[in-house]
Amino acid sequence: IGQDWSGYCECAGGVRAAESTCTHESFTCEAKCREQWAWLREQRKKRAEQEKEVESASADDNLAKLYKRGKGFYVMGNTELALRHFREALKLD
């Protein structure tokens with residue numbers, strides 16, 4: 001794409017890359033599409049890592065809640081319910 005051209009590159013899957021005005025350096029759509037797909041893969045990877053962090057945090061929260069409930073039942077004298085909650089907590093751990 002020449003310096004005096006405006007527009008964008010349409011990559012595989014309908015992905016747009018290098019949207020530009022008439023003031024830019026010359027480039028090829030092949031190179032810009034490759035850069036765009038690399039950026040998209042990186043974003044997906046980051047999002048997946050963030051979702052894993054959220055899942056692990058929520059699992060820890062669930063573990064703490066089960067343990068706390070079990071402890072509460074034990075204090076109230078209901079050992080059967082306390083043991084059930086402690087067993088569930090151990091399954092999550």
Discussion item. Run the salt bridge (charged side-chain N to carboxylate O under 4.0 Å, His left out) test on Lys46 and Glu49 for me, step by step, so that the C-alpha distance in whole Å, both residues' side-chain angles and the decisive distance to 0.1 Å come before the verdict.
Written reply: CA-CA 5 Å; Lys46 286 179 183 177; Glu49 289 171 0; over 6 Å; no
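- With sequence neighbours left out, the side-chain contact (heavy atoms from CB on, under 4.5 Å) criterion links Trp39 to Gln36, Gln43.
- Residue pairs meeting the side-chain hydrogen bond (donor to acceptor under 3.5 Å, both in side chains) criterion with at least one member in residues 10-26, sequence neighbours excluded, are Tyr8-Arg16, Thr21-Thr23.
- Partners of Glu42 under the salt bridge (Lys or Arg N to Asp or Glu O under 4.0 Å) rule, at least two apart in sequence or in another chain, do not exist in this structure.
- In terms of heavy atoms, Lys32 sits closest to Ala17 at O-CB, 3.8 Å.
- For Ser6, the side-chain contact (heavy atoms from CB on, under 4.5 Å) criterion is met by Cys22, not counting sequence neighbours.
- Qualifying side-chain contact (heavy atoms from CB on, under 4.5 Å) partners for Cys33, counting only residues two or more places apart in sequence or in other chains: Cys9, Cys11.
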